[in-house]
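Notes follow once the structure below has been shown.
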Number of protein chains: 2
Amino acid sequence: MDDHKQQIAHFEQTCRAHGLKMTHQRLEIFHALVHSSEHPSAETLYSMLEKRMPTLSLDTVYRTLATFVDLGLVKRVETLGSKARFEAKIDQHHHFFCDRCGQLTDFTWQSFDASQLPETVQELGRVRDKNVILHGVCNQCLKAKE
Amino acid sequence: MDDHKQQIAHFEQTCRAHGLKMTHQRLEIFHALVHSSEHPSAETLYSMLEKRMPTLSLDTVYRTLATFVDLGLVKRVETLGSKARFEAKIDQHHHFFCDRCGQLTDFTWQSFDASQLPETVQELGRVRDKNVILHGVCNQCLKAKE
DNA sequence: CATCAATTAAGAATAAATCTTATCTGAGCC
DNA sequence: GGCTCAGATAAGATTTATTCTTAATTGATG
């Protein structure tokens, strides 16, 4: 969990390097993203934070997330829905998506990460990122089904 | 390429099985999707077809795509953009996404398909689908870069 | 402690997708 | 071949997610 502290440190560095001020909002939003595993949308982040920060505006959440994405601090997650969801970019990982409740869970898969892409792919272009997305039904939903 | 004829046949079957009429529009939209490799959005499909079908309405494209997705004949593709993109569901395949131009290319990867998921994933739930998404820059964009 | 980047409020604007109502068309059954 | 109703169309309104505008305020940092 000290990864988180490192991540925050890296975040502060990056902001400073780009001449961005360390505002309360930016810090809280990044903090929330780092400590959340639910890949929240802007709206979700907003409702998570508005209790503690009653003057926070949804607009700021959107604006701040866009900034973070530009800086490469945060990634928009690939989903089937129309709402954008985000995660603080950490090490190589993959996603399990529950088609019933929309829950999105991270997992790692070292042997996949180490695997070689098929040759046909070389011809398509230069690959920068290689990720797995699983779809299915999560355990909670499976249990809730009686 | 006779896969396509089979796919159309399966499409007609499925429609009939659900008591859906085989309208010109449905057929053309499905046909376009089957023969396109670009994973078009509703808008794109509409502009592809409106030349040949001047009375086609965008609304119909949306409505028809929704029907097809419900029937499992068409899949919405996982993307980072806000516009929904679709493909006629065929056999197991994966996606290469060009971050520069947005082009989306299919590829197959048998050894991945045959691979076992890591054990930690079993604990998450029941997996129904397992796909790879690559991000990078396609060859056209790489060439165009001088 | 002054400056200016960033936030806020309030509301307008945009984009993608969906719905409404009424009218028309044509697919599939007899 | 004609009926009937599902489905398509037109035109416009609505919804949802997101972004922008303007003007006033706040607060991080030099």
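Below, read A as the first sequence line, B as the second, and so on, with proteins coming before strands; counting in each chain starts at 1. Treat the numbers as computed from the prediction; the structure is a model and nothing was measured. The figures that follow rest on heavy atoms only: side chains count, while hydrogens, waters and symmetry mates do not.
Rounded to whole angstrom, the span from the CG atom of A/Leu58 across to the P atom of C/dG11 amounts to 16 Å. The CE atom of B/Met53 sits 16 Å away from the P atom of D/dG7 (whole-angstrom rounding). For B/Leu27 and D/dA8, the CG to C1' distance is 15 Å, given to the nearest whole Å. Atom CG in A/Asp59 sits about 12 Å away from atom P in D/dT21, given to the nearest Å. A straight line from CD of A/Glu12 to P of D/dA28 spans 13 Å, rounded to a whole angstrom. The distance from atom CZ of B/Arg85 to atom P of C/dA17 is 12 Å, rounded to the nearest whole Å. If you measure from atom CD of A/Glu28 to atom P of D/dA28, you get 12 Å, rounded to the nearest angstrom. Here C/dT7 presents its P atom at 5 Å from CD of A/Gln25, a figure rounded to the nearest Å.
Across C/dT7, C/dA5, C/dT18, the shortest atom-to-atom separation from the side chain of A/Thr60 is found for C/dT7. Distance from the side chain of B/Thr23 is smallest to D/dG7 among D/dT9, D/dA17, D/dG7. The side chain of B/Arg63 has D/dA8 as its nearest neighbour among C/dC19, C/dT8, D/dA8.
A/His35 contributes a side-chain N or O that, together with a main-chain N or O of A/His31, makes up a donor-acceptor pair within less than 3.5 Å.
Checked for salt-bridge contact, B/Glu28 and B/Arg52 meet the test: a charged N lies under 4.0 Å from a carboxylate O.
Remark: A/Tyr62 is in phosphate contact with D/dT18, judged by side-chain N or O atoms under 4.0 Å from OP1 or OP2. The shortest distance between the side-chain N/O atoms of B/Ser82 and the OP1/OP2 oxygens of C/dA16 is not below 4.0 Å. At the phosphate of C/dA9, neither OP1 nor OP2 sits under 4.0 Å from any side-chain N or O atom of A/Ser57. Here A/Lys21 does not reach the OP1 or OP2 of C/dA6: none of its side-chain N or O atoms lies under 4.0 Å away.
B/Ala84 comes within 4.0 angstrom of sugar-phosphate atoms only, judged by non-hydrogen atoms across all strands, and of no base.
A cation-pi arrangement is absent between A/Lys75 and A/Phe86 under the rule of less than 6.0 angstrom and at most 45 degrees off the ring axis.
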Practice problem: Show the numbers, then the answer: is there a ring pair (Phe, Tyr, Trp, His ring centres under 6.0 Å) between A/Phe11 and A/Phe68? | Solution: CA-CA 9 Å; A/Phe11 157 72; A/Phe68 290 172; 5.3 Å; yes
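For the atom pair NE2 of B/His93 and OG1 of B/Thr108, the computed distance is 10.0 Å after rounding to the nearest 0.5 Å.
Between B/Ala42 and B/Met22, it is B/Ala42 whose nearest contact on DNA chain C lies nearer the 5' terminus.
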